[in-house]
Each structure stands twice: as C-alpha cells, then as structure tokens.
Number of protein chains: 2
Amino acid sequence: MDFLKELGHLAIASRMKGLTDRLLRGGTEAYRYLDIDFEPRWFTLFYLLSTESSPLSIQQIADALKVSHPAVIQTAQMLVKRGLIRSYQDEADRRKRLLAITPKGRELAAELTPVWNCFLAAVSDLFGSAGADMMEVIRKVEEELDREEMGSRIIRKIKEMQAKAVEIVEYSPEHREVFRTLNEEWLKKYFAVEEDDIRLLRHPEEVIIAPGGAVLFARLGGKIVGTTALLKRDDETYELAKMAVTPGAQRKQAGRRLAESAIALARQKGAKTVILMTDNRLRAAVGLYRNLGFRLAPNETTTSGKYARAKFGFAMKLDLE
Amino acid sequence: MDFLKELGHLAIASRMKGLTDRLLRGGTEAYRYLDIDFEPRWFTLFYLLSTESSPLSIQQIADALKVSHPAVIQTAQMLVKRGLIRSYQDEADRRKRLLAITPKGRELAAELTPVWNCFLAAVSDLFGSAGADMMEVIRKVEEELDREEMGSRIIRKIKEMQAKAVEIVEYSPEHREVFRTLNEEWLKKYFAVEEDDIRLLRHPEEVIIAPGGAVLFARLGGKIVGTTALLKRDDETYELAKMAVTPGAQRKQAGRRLAESAIALARQKGAKTVILMTDNRLRAAVGLYRNLGFRLAPNETTTSGKYARAKFGFAMKLDLE
DNA sequence: AAAACTTACGTAAGCGCTTTCACATATATC
DNA sequence: GATATATGTGAAAGCGCTTACGTAAGTTTT
C-alpha cells in the first residue's frame, strides 16, 4: 500500500511537492531533448524579462515572482553568465540594479516559445485528463490563504479543541478552598494580597454569591485549573473579577471559557453591561477582554477600584445589547 | 497585477511550490504556538514509525515516503537526537539499520495526535471552502503521471509540433538535383556511393517513378531537408528506400513524416506490404521503423539487397492489412 | 570456495532556496 | 543641513533535499 496516500490530507504537502518535482523534471527532460541549455527554474525570471516590462530591479522581480531577492540574484547570475540577460545600475536610484534581456536572450526566448507552448499543452492535457481544473483550485486556495494564513487556521482549530476540553462548573461549597488558593497564587505573582481580597476570597458565598453574583470554575482533565467571579453591582450591571488560571493550564482557553461563561451568565441574569478592572501589564488578559468585545471605559468605577493596585489599572466595559 | 497568475499553467509548478510552503509554514507556527519541539518535515517519518509497522529499515522508509535514503538518515538523526526514535542493527541482515519509536516518542505522538487532527481539519476546511476536492485532483494527476511521465508528454507535444512544421511534397523535375545530393550526402557519411546508386539517384523519374514508384520530399521552413523513395516491387509490395534527412534537420520529425507519407501512398496504391532494408548501426532509423510497425523479416529480399552494404543490414516488413 | 554481483547504508558534495547581516543610497524629520 | 529611518542589494551561512560514490554485507554464479 501507499503510505502517503493513506495519510490523506496530512501528507498533502509531501504529495504536492512530489507533483511539482515531477512537472519540473519533465521540463528538464524537454530542454535536454532539444539540446537547449536552459532550466525550468529560470523560466519565470527569464519570461518576465522577455516581456515588455523589462528592465526591472532585483526587488521588483522578487516581488513579482514571490521569492526572496537573493533567489533572484542567484538565478540572474546563471542567465548573465550565459549572456541571456544583462544588468546595469539604475541612474535614477543608484541603489538599484536593473536586469534586462539581451538580444541573445530575445533570440532564445523566440526559440523557446513553441517549447513553452508544448509544456502548456502537456500540462493542460494532464490536468484535463485528470478531470480537474487545477488552476481554479490553486487560485481559490491561494485566495483562501490570503484571507487567513495556514498558521492562524491551525491555531484556531487548536484553540477550539482546547476550549472544548475545558468544562465550566458553578460554585459549590467544596470549591471554597480552591477558589482562594487559585486567586492567592495569582495575586502573589502579580500584586500583593490585600485586606479586602482576603475577606472576599475567604467568604465567596457571603460576599459574592449571596448579593446575586456567581463564582465559576474551569475544569481540565478532572482538575480545577481556573476560576472567575461575577459580582452584582446593580440589576443591569455586573463586574467580572477574580479571574485566575493556574500557570500550568494557561494558554489552554480556560480563561476564555470562564469569561465567556460569566458573560453568558450575566446576560441570563438580565445584565445590560459587564465591567471589569484590569491592568496594562496583563497583556494576555487584556487581549482576551478586547477580543470578547470589552472596550476601554475610563470613567467607569468598579468595586475593584478600592484596591491599591487599581492605580496601575483601568476599567473596561462590555455592552450586552 | 500578479505575474504568476497571468502565466496560468506555465507557472503552475511555482504556485504549487508556494502553496506547499505556506501549508508547511502553518505547521511550524502551530508547533511553536504549542511550544513543542517538532517540525512539519519530520511528520511523515515520525508518523510512519508511530504506527504498528515499526521497526523499519532506512530503505523501507525511503520507499514508503518516496524520498532518497539520505533524506531519511538526516531526518532520523534529528529525531534520534531528541530521543523520539532509536536505531539498531538488524540481527538477521547486518547491513540494515532499523528505526523504531521510543517510549518518549510514543508519548509525543499521543500529545501530537490532536494537533495533527487540527491540521487535518484546517486543511480540509481550506480546500473545502475553496470548493475543491484537492485530494482527488492530486490522486488523479499522480495516476496520470504514473501512466506517462511529464517529460514524455512534453516531448510528444514537441514532436507533434515539429511534425506539423514539416511539409511533404511529391517529386517534380526541379527536385532531381536535391534528391541526388541529399542521398549522396547520406551515403558518404555512412557507406560508399556505389554504381547502382548513381544510376538510381541520377534518374529517379525513369528508375523509380516510371515503374510505379514515387519520390517524396520533406520541406521545413521553405527548404527541402529530406527525401525518401517508394519503389514498386509488385502490385502488392512496395519498398521504402533512399530515406535521407540532412543532418541539420534531424530529430525534427522529417524522417517520420516522410515514412508515414510513403506508407500512406503505398496503401493508396493498393500495397499490402511495405518492406525496407536497413542497417543495425542506424539506430534512429531502425527505432523509427519499429515504431511505425515494421518488424524484422529475415527471409525477405529487397531490391537494395544487391548493394554491398546490405551484408551489414537486414530487412523489415510492414503488413498493411 | 572464490569471484562477481546486488543490496543497504553512510558520507560528501551540490543545488536552490531561505534567513541574516552588512553596507550603500534614498527619503523623512527635525 | 544634519540626523534618523527606510529601502535595495550583496555576501554568507543554513536548510533540506538530491546525486554520486564508497564500503560492508548478503546472494548468486562458476
């Protein structure tokens, strides 16, 4: 059996590479058959210069061919050595080196044109007889990749997967301990544990839940790895606070799931606005809040405002309507 | 405008290469995002070894992945250095080195499996949203290339093009001179000009055409570059002879077009068999005759049999029915 | 059993591209 | 006009593959 075929989409890069190799090898054979000193990889540069757009600078060519400029320099050397193109300094901008086709190059281009047409015919036949409009496929895929690059696509999938693995659970008495330790761990790392913190963290049921708020936890692989609190300010306003995720579980979407769940809960409770207090130094958190729709709210005061660390921070606001 | 897109099928190799680069770069980014020390190009080897087929020899792997064995060795070194695979000598065949996954490798494979699934999902999405079944396209194109490689396809097209450029014309008196010189040029190169040759070459009208034969010429770019004669032996049998193409026009399908035209003419004249006399040293000619359907006919005697050079040669025969 | 051939692997060198860095020249900013 | 920044190119090194060749081990032939 063919291992690469079994892999399907996973080996698509390998197989596409294999295909291009086979296509280019065909070009090499054709030039050799005709006893012409030319190589397929020179084609794009040579053809570009053989059109009326010549002369072009190194960088212009690199952009047009979507390769690095050293690649152009190296290919150009080959063609200059064979007298097919020549290079000279641009008078207007003396940093630039312009490449242009020579008469000998024009001659070869004329000789090669029918060969290229044969290549064209062979490729069209190949993809045609495979019943596929490969050009259209490539064009569309390029377009899609322009819209969003592969890295971003994969990372998005990874985040989705991670988010699914995070389970959100509501507060119950056995969580009192972990709520405190998670928050203290976080506070000690970034700030200091203050008087008011201690009261709130020790008695979440009384201070947070009883007045109409909530405490949520993120469970990953059976373990509680994060928490957040939703504090009721008034019937229409809730505050997202006390978000803490244990270092080992960070960047695994626990924070996002907690925030999303808290926002959903606030909406369910009839909130029209969710506010929060954060700090510029907490880059990841601020990024998350922005991404969830929170915007700067300079004039907003929060319950967290009373803490000393707030002087380094700022408020954000999310409109739920 | 996008030069590569303008080129269409001519730049298909460049664009496919660009696509694979973008796909692989996405993989690199994903591993970096997860802070995992792994590279996309290791995937096929690592995955192959992580399946139940392990252990495998270097060469077995190279075959499965369709790369050279040094490529396997080099990739394997990377993986061995990281403790993901190990290698040991095959006891049964001490030339072989077997590669197998290590426990640490299994661990990583388990960790990476969901990541690979994300890659899979992203690729499927990508090609799906481009509305194209890329896997199917690649599969078919590979199949087509297995049937006939690209080099052969292009060269076939080139030959077709060359054949179209060759014009076949029948004998007329002004050709008498060129018929003789083309043949003498050829004879001098390979053999010697003999008595009987001279008579035939000097008086084609009387010796060849009057008895029911014909003389054909190949014209390329306005110039006569080749000739052949069709000699009538009896009502059902004609002999293809005196095929000569000037050196500068060789490998340009003049010979093939001449032979094909002569055969067509023989068929038109009611022939059931075409015979010819050739020589083992004339590789290209013999190849052409074989390709046209001529087969060895050891017992056949030809009019050319009377020439001295025939003792190095042999007869071939084409059945027209 | 020796010799010739085949197979498997390792090493080296090459190729075509990239990234990185250095340097010259333009352009923008004060 | 001086200085900072941006741009264009070249040189070097690296990367991942290839081909070519050498060596060792196995297999077949004589």
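Protein chains get the first letters and strands the later ones, always in sequence-line order, with residue 1 at the start of each.
Atom CG in D90(B) sits about 9 Å away from atom P in dG26(D), given to the nearest Å. Rounded to whole angstrom, the span from the CD atom of Q89(A) across to the P atom of dT9(D) amounts to 10 Å. Distance K17(A) NZ to dG16(D) C1': 8 Å, rounded to the nearest Å. R95(A) places its CZ atom 6 Å from the P atom of dT27(C), with the value rounded to the nearest Å.
We find that D35(A) and R251(B) are not joined by a salt bridge, their nearest charged nitrogen and carboxylate oxygen being 4.0 Å or further apart. Residues R82(A) and D37(A) are paired through a salt bridge, judged by an N-O separation under 4.0 Å between the basic side chain and the carboxylate. Taking 4.0 Å as the cut-off between side-chain N and carboxylate O, E143(A) and R139(A) count as a salt-bridged pair.
Applying the side chain to side chain donor-acceptor pair (under 3.5 Å) rule to pairs touching residues 65-81 of chain A yields K66(A)-D2(B), sequence neighbours excluded.
Residue R97(A) places at least one side-chain N or O under 4.0 Å from the OP1 or OP2 atom of dG10(D).
Summarising the local packing, CZ of F38(B) is surrounded by more than 12 heavy atoms from other residues, nucleotides or ligands at distances under 6.0 Å. Heavy-atom neighbours of Y47(B) OH from other residues, nucleotides or ligands within 6.0 Å: at or below the threshold of 12. Summarising the local packing, CZ of R295(A) is surrounded by more than 12 heavy atoms from other residues, nucleotides or ligands at distances under 6.0 Å.
Within residues 19-42 of chain B, the residues that place at least one heavy atom under 4.0 Å from DNA chain D are, in residue-number order, E39(B), R41(B). Heavy-atom distances under 4.0 Å link DNA chain C to V67(A), S68(A), P70(A), A71(A), Q74(A), T75(A) of residues 57-79 of chain A, given in residue order.
Residues R97(A) and S87(A) bring a donor and an acceptor atom of their side chains to less than 3.5 Å of each other.
Residue whose closest nucleotide on DNA chain C sits further toward the 5' end, between R94(A) and L98(B): L98(B).
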